[in-house]
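Quick notes on the structure that follows.
For clarity, every value in this text was computed on a predicted model and none was experimentally measured. Lettering follows sequence order; numbering is per chain, from 1.
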2 protein chains.
Amino acid sequence: MNTEQHSDATRQKILNVAADEIHLHGFQACSTSEIIKKAGISKGALYHHFTNKLELGYAVFDEVFAPKLIGLWKPVLEGNNPIQDMSQLFQEILSWTDCKMLTKGCPLNNLAQEMSPIDEGFRLRIGKIFDAWELSLTKALIRGQAAGTVKQEVNPKRAALFIMASIEGAQGLAKNSQDTKVFSEGIYGLIDYLKMLEAT
Amino acid sequence: MNTEQHSDATRQKILNVAADEIHLHGFQACSTSEIIKKAGISKGALYHHFTNKLELGYAVFDEVFAPKLIGLWKPVLEGNNPIQDMSQLFQEILSWTDCKMLTKGCPLNNLAQEMSPIDEGFRLRIGKIFDAWELSLTKALIRGQAAGTVKQEVNPKRAALFIMASIEGAQGLAKNSQDTKVFSEGIYGLIDYLKMLEAT
DNA sequence: GTTGAAACCGACTCATCGGTCTGCTACGTT
DNA sequence: AACGTAGCAGACCGATGAGTCGGTTTCAAC
């Protein structure tokens with residue numbers, strides 16, 4: 001491994017460990033010392049790759065959290081049958097036994113709740129992802145209406161926001177109860193709702 | 001004002017200021033020094049009334065946050081027409097212009113997201129309230145079915161959880177966007193959903 | 001008036017935080 | 001082989017956190 005590859009590996013290791021720590025403790029409560037310890041690197045290494053904790057947080061968001069969410073939703077947001085695609089996505093998520101997402105909360109939503117009121121950089125980043133998610137979902141529902149899979153009387157924008165809210169909310173409730181059943185029950189409720197939107 | 005009354009007043013002042021600070025910054029990020037400054041009291045006074053920060057947090061939850069939520073939902077949880085009662089409650093909440101609840105998030109949910117993974121005391125307290133909320137809402141929906149205002153095919157428990165999730169989720173999204181319209185649009189989505197549950 | 005305890009004050013401690021700085025090491029370049 | 005720099009190590013720094021503790025005030029009881 002040459003120097004550049006090694007440097008990249010160190011950076012990636014920091015990002016991954018930081019992502020875990022932020023997901024677990026939140027951004028403010030996670031400590032750089034803990035990240036250093038768990039990554040097996042030094043303070044010098046961390047501050048060589050990132051100018052400060054905030055920039056590290058932004059990098060974790062941009063390079064770890066955001067791509068993960070976008071990758072997960074890609075099929076739904078690009079297809080013409082959003083209801084079926086979403087139901088399928090949810091089934092897949094529910095099949096992840098022992099997944100941190102189910103009891104540790106959505107990293108996006110965790111960060112949003114914690115940081116958006118106190119840091120504009122985080123707020124804008126999170127807002128950008130949520131807006132893109134909402135817009136894509138709205139468009140997918142409109143395409144579904146055009147394709148005849150979604151009822152015409154559905155308000156696509158409103159329904160998109162409502163769907164997002166119920167997903168994040170279900171994750172939040174599951175996180176508190178530390179019970180994946182709460183999440184799955186919430187998602188089944190969402191699937192019931194989606195069925196009501198389906199054109200007959 | 002005698003000694004006892006004055007002591008109670010001090011305690012209440014601490015609780016109210018702490019509730020504001022926790023709501024705004026979260027439990028971990030809010031500082032006792034700031035609470036002391038804003039309450040106009042001394043460190044000695046704070047630690048005379050509360051053994052430590054955690055106990056202060058528990059007291060804020062038990063004596064400020066929880067009663068507020070329960071009081072708000074009382075009509076819905078005790079009536080026989082939950083759908084209409086909820087719609088009315090939401091209309092009332094939406095009419096609160098400039099309310100912290102809309103852009104600062106639900107205090108309950110904020111605390112749940114932040115503290116439930118790392119402190120069992122908070123988790124159990126929050127869980128108790130959420131469980132009570134879910135149970136009461138489920139029972140209200142069942143009474144609604146008995147009274148003929150809610151469709152028979154609705155799964156009450158599942159619907160109750162879904163409603164709670166969408167409310168908390170909508171508040172979360174609104175908090176991030178710092179836009180009350182996001183909250184109201186989410187709530188209108190919920191009202192649309194509730195209409196679908198209504199017996200015709 | 002004396003006393004005793006509750007209420008309160010605020011300087012202090014100590015741990016930990018994010019962040020800096022000096023210097024070493026190892027590799028790519030010439 | 002010599003040199004320069006990217007990558008990294010870790011001791012150190014000031015700020016701030018929660019929490020302590022000896023002292024003072026106030027008031028009710030006797």
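- Contact check of residues 13-21 of chain A against DNA chain C (heavy atom, cut-off under 4.0 Å) returns no residues at all.
- Across the protein-nucleic acid pair, A/I36 atom CD1 and C/dT16 atom P stand 15 Å apart, rounded to whole Å.
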At under 4.0 Å between heavy atoms, how does the protein contact nucleotides 16-21 of chain D? Give one character per nucleotide, 5' to 3', with B, S or -.
-SBBB-
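- Taking atom CG of residue B/L46 and atom P of nucleotide C/dA7, one finds them 14 Å apart after rounding to whole Å.
- One finds no side-chain N or O of A/H48 lying less than 4.0 angstrom from the OP1 or OP2 phosphate oxygen of D/dC8.
- With sequence neighbours excluded, the residues satisfying side chain to side chain contact (heavy atoms under 4.5 Å, CB included) with A/T138 are A/E134, A/I142, A/P156, A/K157, A/A160.
- The side chain to side chain contact (heavy atoms under 4.5 Å, CB included) check on B/R125 picks up B/Y58, B/F61, B/D62, with sequence neighbours excluded.
- Residues passing the side chain to side chain contact (heavy atoms under 4.5 Å, CB included) test with A/Q88, sequence neighbours excluded: none.
- When rounded to the nearest whole Å, the span between NZ of A/K37 and C1' of D/dG10 equals 15 Å.
- Residue-environment remark: NZ (B/K151) exceeds the threshold of 12 foreign heavy atoms within 6.0 Å.
- Remark: B/D20 engages B/K100 in a salt bridge (Lys or Arg N to Asp or Glu O under 4.0 Å) (not counting sequence neighbours).
- The side chain to side chain contact (heavy atoms under 4.5 Å, CB included) check on A/L124 picks up A/E120, with sequence neighbours excluded.
- At whole-Å resolution of the value, CD in A/Q12 and P in D/dG7 are 15 Å apart.
- When rounded to the nearest whole Å, the span between CD1 of B/I41 and P of C/dA6 equals 19 Å.
- Regarding contacts with the backbone of D/dA6, every side-chain N or O of A/H49 stays at 4.0 angstrom or more from both OP1 and OP2.
- Per the geometry, CZ belonging to A/R11 stands 12 Å off P belonging to D/dC8, to the nearest Å.
- Residues forming a ring-ring contact (aromatic ring centres under 6.0 Å, His included) with A/F183 (at least two apart in sequence, or on another chain): none.
- Listed for the B/E114 side chain is a donor-acceptor partner under 3.5 Å among the backbone atoms of B/F27.
- Listed by chain and number, the residues in a salt bridge (Lys or Arg N to Asp or Glu O under 4.0 Å) with B/R11 are B/E63 (sequence neighbours excluded).
- OP1 or OP2 of C/dA7 has at least one side-chain nitrogen or oxygen of B/S7 nearer than 4.0 Å.
- Rounded to whole Å, atom C1' of D/dA6 lies 12 Å from atom NE2 of A/H6.
- Rounded to an integer number of Å, the gap from CG of A/L56 to C1' of C/dG19 is 13 Å.
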